[in-house]
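Predicted model, so just to flag it, every value in this text is computed and none were measured. Throughout, protein chains are lettered first and strands after them, A, B, ... in sequence-line order, and every chain is numbered starting at 1.
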Amino acid sequence: MNKYRSHNCNELRKKDIGKNVFLSGWINKKRDHGNLLFIDLRDNYGITQCIIDKENSNFKELEKTQLETVIKINGKVVDRTKDTINKDIETGDIEVVIEDYFVLGTCRELPMPVFSDQEYAEEIRLKYRFLDLRRKKIHENIILRSKVISFIRNEMSKLGFLEFQTPILTSSSPEGARDFLVPSRLNPGKFYALPQAPQQFKQLIMVSGFDKYFQIAPCFRDEDARADRSPGEFYQLDLEMSFVEQEDVFDVVEELLVNTFKKFSNKKLMFEKFPKISYSDTLLKYGTDKPDLRNPLIINDITEIFSRQDITFEIFKKLVKSGSKVRCIVTKNTKDKPRSFFDNIDKWAKEQGASGLAYFTIEGDKKISAKGPVGKFFSEDALKEIMKKTEAKVGDSIFLACSKQKELERITSLAREKIANDLNLIDENIFSFCWVVDYPMFERDEQTNKIEFSHNPFSMPQGDINKINFEKPLDILAYQYDIVCNGIELSSGAIRNHIPDLMYKLFSIAGYDKKQVDTKFSGMINALSYGAPPHGGIAPGIDRIVMLLANEKNIREVTMFPMNQNAQDLMMNAPSEINEKQLKELSLSLKLKK
RNA sequence: GGGGGUGUAGCUCAGUUGGUUAGAGCGAUCGCCUGUCACGCGAUAGGUCGAGGGUUCGAGUCCCUUCACUCCCGCCA
């Protein structure tokens with residue numbers, strides 16, 4: 001029999017009344033009535049109320065024991081009278097009368113309370129993460145994470161995927177994010193890099209003939225943090241399949257995500273077959289490549305209408321002539337909204353660095369007119385054309401922004417979110433997945449004016465590879481895709497380019513000659529020339545999936561031991577200085593910036 | 001690298017127009033209390049108001065600098 005407990009703290013029920021038991025756990029809470037003391041004993045599984053009175057010789061000592069001390073108690077399970085039953089805990093029908101107790105782990109005065117629903121500064125939570133993790137909500141988040149990962153592993157196995165580990169010490173890749181580097185002792189002056197993703201390895205696994213691979217893979221990127229982005233490391237469900245087209249990857253991922261989200265959340269799925277939106281469409285209709293489809297508002301481009309003579313909105317017309325565009329958002333049946341509703345949005349837009357959002361409301365039975373500060377600039381015919389183009393009706397309002405395309409996308413995307421929130425149009429009880437597809441292979445860097453890969457240089461260009469027009473590289477689309485859920489980018493993937501000649505050609509467009517490709521991607525390009533199967537895959541972010549399922553806005557709420565924004569682990573004191581001997585072994589010397 | 005927010009007791013926070021000895025709840029310590037489940041009641045201790053400088057007769061409060069945390073932009077194939 002176990003030395004510490006006969007039952008856990010969520011096990012005892014009415015049927016156990018009369019049993020002598022022993023329990024171990026943390027003192028979650030004490031309620032001291034002077035001659036009668038209640039102790040809520042907590043472990044991973046739950047809480048059991050234990051009770052002792054002054055007749056017991058242990059009473060005085062136990063009364064003084066600190067919260068969060070780990071104790072073992074011996075006692076008898078007894079019934080509770082009807083009026084003292086606690087429905088909030090699963091063991092609430094019974095309690096344990098303490099006969100004897102032992103301290104297993106003492107506890108100093110706590111730097112932060114464990115039993116409390118209050119929010120605390122993250123600094124203290126991260127420093128005492130082991131205390132923070134005892135707290136109910138985050139404890140449950142971490143358990144959820146574990147269960148989600150187990151479930152995914154199981155599903156992937158059922159789908160015929162094999163799990164493989166890939167190296168953590170690998171080589172630095174020239175593309176992509178900043179690498180974490182590890183100096184090599186045996187190869188002075190040379191460095192390993194931690195993998196930003198097992199991208200090349202998983203392709204090599206396909207070339208090696210394993211057909212379907214997955215891994216819950218740690219990924220390391222030395223980039224700045226965000227609320228939904230841990231500094232340093234995160235996990236992806238990395239997967240890759242041979243002899244597949246885009247649709248085959250979609251089928252697997254849709255089945256997996258639908259099953260996972262149905263199992264771990266009560267929220268509804270807006271689509272079980274995820275809609276596909278092209279990259280160019282999503283930028284136009286939603287202003288972003290991660291659209292939140294719960295939001296019904298859609299952006300329309302009405303630039304052309306501004307060339308009409310009967311629109312006298314000269315500021316916009318002038319901007320349009322110099323290359324700006326006009327886009328608008330229609331809000332349904334907002335004619336009775338107070339002036340302040342519109343002005344607040346305009347004011348908000350100015351705070352976001354835009355020149356503001358013009359607006360008007362469409363009115364009239366027979367004669368259509370526009371009410372609002374800029375309404376007078378639009379003739380009836382012009383309004384009718386706008387209504388036709390945007391499907392706006394009488395009683396709807398239209399918010400207009402005018403600017404150069406990139407800035408316009410930014411502000412309309414933000415405005416779409418802001419207006420939807422103000423009008424309460426977003427259903428928080430829905431998960432809305434979609435695919436963003438047809439990414440361009442290349443894009444032009446605005447600063448350098450150079451042609452660059454827009455996403456992954458290993459992606460396969462679309463269409464008949466013998467008919468690709470390399471003269472117009474910006475028109476080449478790739479079999480490159482993202483999954484977005486509720487406006488959060490969950491993953492991106494691609495059908496890979498497994499044809500070496502085509503790869504050299506594409507790299508040459510981005511300014512890499514054959515020799516450079518051979519050096520920088522030697523493993524890959526070499527492997528592809530020895531019989532590579534067509535293959536493709538994707539890598540959904542585990543942390544973000546759990547974040548959505550746990551209904552958290554911050555990735556640290558689903559990460560057991562996260563670093564802070566400055567990429568420091570306040571509990572372990574990482575990163576830390578190393579001593580001279582270590583530096584010497586690695587042939588390193590420090591040259592710190594002042 | 002840039003912009004916003006926050007920083008007052010161990011924790012969560014209040015602190016008015018610059019004005020006496022900086023407060024509350026939780027926690028800690030001590031005392032009272034035998035049916036609570038956020039138990040209740042009373043008392044005590046606990047403060048470099050993030051740090052430095054300035055304005056002022058007087059600064060938690062105003063100004064400047066700086067640090068920490070956080071959110072965002074850049075960055076993240």
Side-chain angles (χ1 to χ4, degrees), chain A residues 28-42 47-56 59 63-64 66-68 78 80-89 91-92 95 97 107-128 131-132 135 173-179 195-197 199-200 219-232 234 351-353 410 414 439 441-443 445-447 452-459 478 480 482 489 492-494 507 510 520-521 539 541 553-554 556 563-566 568 570:
Chain A
N28 192 56
K29 190 73 188 163
K30 287 187 297 189
R31 288 174 296 279
D32 187 354
H33 290 237
N35 295 314
L36 177 72
L37 172 65
F38 296 96
I39 288 180
D40 289 340
L41 198 66
R42 183 198 73 237
I47 284 176
T48 302
Q49 174 166 283
C50 305
I51 183 167
I52 186 168
D53 72 14
K54 65 170 178 194
E55 303 305 322
N56 189 305
F59 181 79
E63 216 183 4
K64 300 291 170 217
Q66 289 273 354
L67 296 182
E68 294 303 313
V78 299
R80 291 206 204 183
T81 61
K82 215 172 184 180
D83 54 323
T84 61
I85 286 170
N86 184 354
K87 290 206 170 64
D88 296 334
I89 57 174
T91 60
E95 61 197 6
V97 178
C107 180
R108 298 196 293 186
E109 190 178 340
L110 294 165
M112 58 179 281
V114 170
F115 175 68
S116 165
D117 292 329
Q118 263 174 354
E119 304 275 351
Y120 308 114
E122 283 211 274
E123 198 171 357
I124 195 146
R125 292 182 60 194
L126 294 183
K127 181 165 180 192
Y128 297 96
L131 290 178
D132 192 38
R135 298 171 66 219
S173 64
E175 294 280 325
R178 217 172 278 121
D179 284 315
Q196 296 183 21
Q199 179 64 39
Q200 295 194 52
C219 304
F220 306 89
R221 297 178 192 173
D222 186 7
E223 299 294 344
D224 288 350
R226 289 288 184 275
D228 63 351
R229 206 164 84 200
S230 292
F234 61 96
E351 284 165 8
Q352 305 307 309
R410 184 185 76 87
L414 287 171
Y439 277 79
M441 189 85 215
F442 299 100
E443 63 189 4
D445 186 301
E446 289 200 336
Q447 264 104 53
E452 294 182 336
F453 288 108
S454 70
H455 258 69
N456 187 326
F458 304 130
S459 297
Q480 165 88 42
D482 273 20
E489 183 190 324
S492 61
F507 267 102
K520 285 175 171 167
F521 305 101
K553 296 253 180 292
N554 193 304
R556 294 184 295 274
M563 299 201 282
N564 71 9
Q565 197 171 43
N566 289 325
Q568 298 159 340
L570 299 175

- Kindly write out the residues that satisfy salt bridge (charged side-chain N to carboxylate O under 4.0 Å, His left out) with A:R125, not counting sequence neighbours, or none if the list is empty. A:D132, A:E557
- Query: Between A:R42 and A:E68, is there a salt bridge with N-O shorter than 4.0 Å?
  - Reply: yes
- Message: Please classify the nucleic acid contact of A:D222 as base, sugar-phosphate, or nothing, using heavy-atom distances under 4.0 Å.
- Response: nothing
- Query: How far, in whole Å, is B:rG50 from B:rU6 if one measures between their P atoms?
  - Reply: 13 Å
- Among side-chain atoms of A:Y439 and A:D482, is any donor-acceptor pair under 3.5 angstrom? yes
- Task: Could you grab the distance from atom CG of A:D224 to atom CZ of A:R229, nearest 0.5 Å is fine?
- Result: 7.0 Å
- A:E119 CD to B:rU12 P: how many Å, rounded? 10 Å
- Message: Below the 4.0 Å mark, does B:rC71 have OP1 or OP2 next to a side-chain nitrogen or oxygen of A:Q565?
- Response: yes
- Message: Only Watson-Crick and G-U wobble pairs, only distances under 3.5 Å, only runs of 3 or more: what stems does that leave for RNA chain B?
- Response: B:1-7 with B:67-73, B:10-13 with B:23-26, B:28-32 with B:40-44, B:50-54 with B:62-66
- Beyond-backbone contact of A:F220 with A:P195, side-chain heavy atoms, under 4.5 angstrom: yes
- Determine the interatomic distance between C1' on B:rC13 and the same-named atom on B:rA22; round to the nearest Å. 14 Å
- Item | Rounded distance [0.5 Å steps], CG in A:N564 versus CG in A:L126 | 6.5 Å
- Message: If I pick the C1' atom on B:rU17 and the same atom on B:rC30, what distance separates them, to the nearest angstrom?
- Response: 42 Å
- Task: Show your working on side-chain contact (heavy atoms from CB on, under 4.5 Å) between A:M563 and A:S230 and close with a plain yes or no.
- Result: CA-CA 7 Å; A:M563 299 201 282; A:S230 292; over 6 Å; no
- To the nearest Å, how far apart are A:E443 CD and B:rC76 P? 10 Å
- 5'-most by nearest nucleotide on RNA chain B - A:N564 or A:Q199: A:N564
Tabulate protein N/O versus nucleotide N/O from nucleotides 2-8 of chain B, keeping only pairs under 3.5 Å, one per line.
none

- Query: For A:R221 and A:A197, which heavy atoms make the closest approach, and how far apart are they?
  - Reply: NH2-CB, 4.0 Å
- Task: Round to a whole Å and report the spacing from CD of A:E68 to P of B:rC11.
- Result: 17 Å
- Task: Rounded to whole angstrom, note down the C1' distance from B:rA9 over to B:rG5.
- Result: 24 Å
For residues 110-120 of chain A, which side-chain N or O atoms pair as donor and acceptor with protein atoms under 3.5 Å away, sequence neighbours left out?
| residue | atom | partner | partner atom | Å |
| --- | --- | --- | --- | --- |
| A:S116 | OG | A:Q118 | N | 3.0 |
| A:S116 | OG | A:Y120 | OH | 3.0 |

- Query: Are any non-hydrogen side-chain atoms of A:N35 and A:D53 less than 4.5 angstrom apart?
  - Reply: no
- Query: Once each nucleotide of nucleotides 27-39 of chain B is scored for protein heavy atoms under 4.0 Å, what B/S/- sequence comes out, 5' to 3'?
  - Reply: BSS-S-BBBBBSB
- A:D117 CG to B:rU12 P, in whole Å, measures 15 Å
- Hey, does A:R125 reach any base, or is it just sugar-phosphate, or nothing, if we go heavy atoms under 4.0 Å? nothing
- Message: Between A:S459 and A:M441, is there a side-chain heavy-atom distance shorter than 4.5 Å?
- Response: yes
- Task: Write down the distance separating the C1' atoms in B:rC39 and B:rC32, rounded off to the nearest Å.
- Result: 14 Å
- For B:rU55 and B:rC71, measure between their P atoms and round to the nearest Å. 38 Å
- Sequence neighbours excluded, every pair satisfying salt bridge (charged side-chain N to carboxylate O under 4.0 Å, His left out) that has a member inside residues 28-39 of chain A: A:R31-A:D40
- Query: Between A:N554 and B:rC71, does any side-chain N or O lie under 4.0 Å from OP1 or OP2?
  - Reply: yes
- Item | Spacing of the P atoms in B:rG46 and B:rU29 (rounded, Å) | 16 Å
- Mind calculating the distance between CD1 (A:I124) and P (B:rA9) to the nearest angstrom? 11 Å
- Nearest whole angstrom, please: distance from the P of B:rC71 to the CD of A:E123. 13 Å
- Message: I want to check one thing: is the phosphate of B:rC69, taken as OP1 and OP2, less than 4.0 Å away from some side-chain N or O of A:Q568?
- Response: yes
- Message: Taking B:rA59 as the reference, what is the distance to B:rG54 when you measure between their P atoms (whole Å, please)?
- Response: 12 Å
- Query: Contact class for A:S492 (heavy atom, under 4.0 Å): base, sugar-phosphate, or nothing?
  - Reply: nothing
- Does the B:rC76 base have a donor-acceptor partner in the side chain of A:R229 within less than 3.5 Å? yes
- Would you kindly give the CG-to-P distance between A:L126 and B:rA68, to the nearest whole Å? 16 Å
- Message: Can you measure A:R108 atom CZ to B:rC11 atom P for me and round it to whole angstrom units?
- Response: 14 Å
- Item | Side chain proximity check, A:D179 to A:Q196, heavy atoms < 4.5 angstrom | yes
- Query: Are A:R135 and B:rC11 close enough that a side-chain N or O sits under 4.0 Å from OP1 or OP2?
  - Reply: no
- Let me see the working for A:L570 and A:E123 under side-chain contact (heavy atoms from CB on, under 4.5 Å), right down to the final yes or no. CA-CA 8 Å; A:L570 299 175; A:E123 198 171 357; 4.0 Å; yes
